[in-house]
Amino acid sequence: MTRRPGESPDPRGRHDAFERIGEEAYRATIARRLLSISLLVGTILLVPTVVISYRSGERLSLVCDAVVYLAFLALFLFRRLPSRLTYAAVAGLGALLGSLLLFRSEGGGAADAWLMASAVVATIFFGARGGLALGAVTTVVYALVLSASHLRLLPWQASTESYALRALNVVGLSLLCSFAIARLIDGYRGAIRVQGKLSVELGRRQIELEREVAGRATAEERAAFLESHDGMTGLPNREGFRLELGRALAIAAGRGRILAVMVLGLDRFKRITSTRGQRAGDEILREAGKRLALSIRQDDCVGRLGGDAFAVIFSDVKSQDDIKEIIDKARRVFDRSFPAAGTELAVSASFGIALYPNDGQLADDLLGAAESALQLAKEDGPGSYRVFDAALHARLLERVRIEHELGSALRLSSFEPWFQPKVDRFGRVVGAEALARWNLPDGGLRLPSDFIDIAERSGAISNLGRIVLHKACLRAVDWERMGLPAIPVSVNLSPFQFRSEDLVSEVRSIIADTGIDPSRLDLEITESGIMENEYEAVEKLAELKTLGLQVSIDDFGTGYSSFAMLKDFPVDAVKLPKSFVEPLPSDLRASMVAGAVIDLAHNLNFSVVAEGVETLAQFAWLDDARCDQYQGYLFSPPLSARNFAVALATGLPTAVQ
Ligand code: C2E
Ligand code: CA
Ligand code: CA
């Protein structure tokens, strides 16, 4: 079985191995010690033994001693002998020497000692079984010696009883010693086993601990890194960028420098991810981060704020030209296309810039200022930039507040149409334009200039427009029921609503709901709203017309309609915008433009409504130019539904003659 790196070995196997190795090592140590001690003792006793043996004529004893001594010396020097063989040799040599001495003389205490010692040595090396075997050998040797003595094969005669007693003593003591040593070794083996287990457990814990420490170190490092960095691009994240900005600001403050923070957002990034996929989006973000990081100076810094937004610190800005240079530099990052899921995509970005110390002293303030500048830049279209401006910022904050309030106002249906009369050349009310008013909780009114754009951008205009259309139709029906003239009512339709696929069905259901005669309903659509896609617009307009209502082009002449398409527009009227009317009649050029637009509309069979008529002179000029209807403060401002009903019933006070 292969073991993966870092994996702990099988603890049981390790334990057994440890136990074996422990015991073997112990035995080998004892064997070596015994050998050394035997040699030491042998060496010390060598001279006296030789002298005594020589003097007493014990030649055999001398030879035996010499053989055993040399054998022990050989064992000691020749260490590579397998250990078991060494043990067997040590025990065997002892037993052999003892036996030889036993045959040699009757009274040899040395023989008994050698035999007992061999039994002990055998027990040490081979356990109780070794001791028993040597005990048996010793018994046999004594029996053989006794038999040989009886058979007179020996040079001496043994007394049977005393010899048997001696044999019993030697064998008994040998067994006793063996038994004691075997027990000791067993105890030691148990201790080794416990030590082994402990050691294995300790090893395992150590490995676990090391692994845990290593794991924790990398996890902690990673967590610490991710706390201040973006995992995808490796750049500082918002938090990390704020810290960097704080540092850069401290340096700028100390050196009296101007510092610029640029926040940039990739244009239409959501569209890229929804059409090309998340992977393509991630690839673009990584590449953008890399290119930005490469484009800046060493002591500047790039971060990713989240989503498609990046931020850059330019730590030393000296002049207005430097800001231009900064923007050009950032734009160049987007000159080349970006690799995205196997293809190349052109990506652009918008930029917002804020400057220290003018636009903020603290990191958060500066970053916030740059972000709101970016928000405004985005509204200018892709690839735009804005430098922070306090007045704009205030407007932006106001917008955020209004956007927030719009939600609850829509839920409470706090919008009410007011009606501005449209009059004929005699000043008679011949129509009305519904203009949204937001009823505030404090009883005040909020005008469309404060919220229509915001609602248009957030999409809230759909609901708002539906509420106004519904209420305007209801009022028109009410007036008719009250016996007032059934004049047409115009309702503004925003470009957002006009683009909606549900527009026709929604208008149809409101007509059905309120019971208004559709021919009394006129929808005003700005020319710019129609122009986004002229062909589709013509179809949409035609579809609306099938409901039986009227359609007008609001602010006609400001939206660059192509003359070729104009003739195909299925509309009833066009509205001459206030901007065309205002300079009349003194401004000659403006008069010519207004005259040309009126003529063009008439030639295309559209009736013309002049807006923003404030003076009699304007009215006179427009009347001369044969406008069909007029709308403006000269006749009436927008009126609440109730006041409009009065005006409808009684006529306007300033009827023109
Ligand atoms: P608009 O459709 O061009 O409406 C005419 C605007 O000119 C109205 O402003 C009106 O009050 C104002 N006005 C009329 N006569 C005069 C005049 O003689 N002098 C001056 N200075 N102004 C005059 P208002 O009501 O503030 O509406 C502004 C714009 O908001 C409208 O311009 C229209 O585009 C939009 N709007 C208003 N109500 C709605 C609505 O319900 N839906 C949508 N989509 N847009 C609306
Ligand atoms: Ca209008
Ligand atoms: Ca208008």
Side-chain angles (χ1 to χ4, degrees), residues 402 406 409-410 413-423 431-439 445-475 488-500 503 506-507 510 521-530 550-559 571-584 597 601 608-619 622 627 629-641 643-644 652 654 656:
I402 289 179
L406 254 175
L410 284 171
S413 193
S414 312
F415 299 94
E416 202 55 59
W418 279 39
F419 297 89
Q420 185 173 36
K422 289 181 183 177
V423 299
E433 177 178 3
L435 294 158
R437 296 294 181 264
W438 179 342
N439 292 322
L445 274 186
R446 198 172 259 161
L447 292 173
S449 52
D450 290 339
F451 61 86
I452 291 290
D453 266 5
I454 299 170
E456 176 81 18
R457 247 181 236 126
S458 70
I461 195 77
S462 310
N463 280 337
L464 198 160
R466 210 179 302 125
I467 291 171
V468 173
L469 177 61
H470 194 262
K471 288 187 176 177
C473 291
L474 282 179
R475 302 289 172 264
V489 173
S490 305
V491 179
N492 292 285
L493 210 61
S494 85
F496 188 93
Q497 285 173 283
F498 187 65
R499 282 196 301 268
S500 158
L503 173 69
E506 266 177 15
V507 174
I510 287 174
L521 181 62
D522 171 53
L523 296 179
E524 291 188 10
I525 303 156
T526 54
E527 194 181 5
S528 53
I530 294 173
Q550 316 266 317
V551 176
S552 304
I553 302 180
D554 208 350
D555 302 334
F556 183 68
T558 58
V571 298
D572 304 279
V574 298
K575 296 189 82 175
L576 193 66
K578 187 167 150 282
S579 56
F580 284 21
V581 172
E582 207 169 7
L584 299 176
V597 171
V608 178
V609 183
E611 277 189 316
V613 184
E614 291 183 346
T615 65
L616 270 171
Q618 288 167 345
F619 170 67
L622 291 161
C627 269
Q629 290 179 7
Y630 309 87
Q631 191 184 337
Y633 292 168
L634 177 64
F635 311 101
S636 169
L639 304 169
S640 67
N643 288 343
F644 182 81
L652 293 171
T654 52
V656 185

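Remember, it's 1-based here, ligands and their atoms both numbered in the order they're listed. Values below: all heavy atoms of this structure, side chains included; hydrogens, waters and symmetry mates excluded.
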Residues 448-455, side-chain donor-acceptor partners within the protein, below 3.5 Å, at least two apart:
none

How far is atom 3 (O) of ligand 1 from its nearest protein heavy atom, and which residue and atom is that?
-> E611 OE2, 3.4 Å
S494 neighbourhood, listing ligand 1 atoms whose heavy-atom distance to it stays under 4.0 Å | 44 (N)
Under 4.0 Å to a heavy atom of E614 - the qualifying atoms of ligand 1, by number = 17 (C), 18 (O), 19 (N), 20 (C), 21 (N)
Determine, for K471 against E416, whether the closest basic-nitrogen to carboxylate-oxygen distance falls under 4.0 angstrom.
-> yes
Is atom 34 (O) of ligand 1 less than 4.0 angstrom from some protein heavy atom?
-> no
Which protein non-hydrogen atom lies closest to atom 43 (C) of ligand 1, naming both residue and atom, and how far is it?
-> N492 CB, 3.5 Å
Do me a favour and list the nearest non-hydrogen protein atom to atom 38 (N) of ligand 1 with residue, atom name and distance?
-> A436 N, 2.9 Å
Given side chains that start at C-beta, do those of E506 and Q497 come closer than 4.5 Å, heavy atoms only?
-> no
Find all atoms of ligand 1 within a distance of less than 4.0 Å from any non-hydrogen atom belonging to P638, and give their numbers and elements.
-> 11 (O)
Taking the side chain as every heavy atom from C-beta outward, state whether Q550 and P488 have any atom pair closer than 4.5 Å.
-> no
Is there a heavy atom of I452 sitting under 4.0 angstrom from any atom of ligand 1?
-> yes
Can G465 be said to touch ligand 1, with heavy atoms closer than 4.0 Å?
-> no
Those atoms of ligand 1 less than 4.0 Å from some heavy atom in K578 = 19 (N), 20 (C), 21 (N), 22 (N)
Kindly say whether G632 contributes a backbone atom to a donor-acceptor pair with the side chain of E614 at under 3.5 angstrom?
-> no
Given I553, which of E527, E524, K575 fulfils the side-chain contact (heavy atoms from CB on, under 4.5 Å) condition?
-> E527
Interfacing atoms of ligand 1 (cut-off 4.0 Å, heavy-atom, V468) = 41 (O)
Could you establish whether S449 and ligand 1 come within less than 4.0 Å of each other, counting only heavy atoms on the residue side?
-> no
What pair of heavy atoms forms the shortest contact from A472 to V491, and how long is it?
-> CB-CG2, 3.8 Å
contact_flag R437 ligand 1 heavy-atom lt 4.0 Å = yes
So what's near the Ca ion (ligand 2), protein N, O or S atoms under 3.0 Å?
-> E433 OE2, N492 OD1, E524 OE1, D554 OD2
Can any side-chain N or O of N439 pair as donor or acceptor with the backbone N or O of F415 at less than 3.5 Å?
-> no
Does a side chain donor of either S552 or D522 reach within less than 3.5 Å of an acceptor in the other side chain?
-> yes
Using heavy atoms and a threshold below 4.0 Å, how should the contact between L435 and ligand 1 be classified: side chain, backbone, both, or neither?
-> both
Knowing that exactly one of P417, S640, P638 qualifies, which makes a side-chain contact (heavy atoms from CB on, under 4.5 Å) with R437?
-> P638
Check whether any side-chain heavy atom of Y630 sits under 4.5 Å from a side-chain heavy atom of V423, and report yes or no.
-> yes
If you have a sec, work out which protein heavy atom is nearest atom 26 (O) of ligand 1 and how many Å separate them, to one decimal?
-> P448 CD, 3.5 Å
Decide whether an N or O pair under 3.5 Å exists between Y633 and ligand 1.
-> yes
Return yes when E433 approaches ligand 1 closer than 4.0 angstrom through a heavy atom, no otherwise.
-> yes
So the atoms of ligand 1 within less than 4.0 Å of a heavy atom of G632 turn out to be 15 (N), 18 (O)
Just wondering, do L464 and L406 contact through their side chains at under 4.5 Å, heavy atoms?
-> yes
Could you find the nearest protein heavy atom to atom 15 (N) of ligand 1 and give me its residue, atom name and distance?
-> Q420 NE2, 2.9 Å
Would you please indicate yes or no on a ring centroid separation below 6.0 angstrom for F580 and F556?
-> no
Do I510 and L521 come close enough that some side-chain heavy atom pair is under 4.5 Å?
-> no
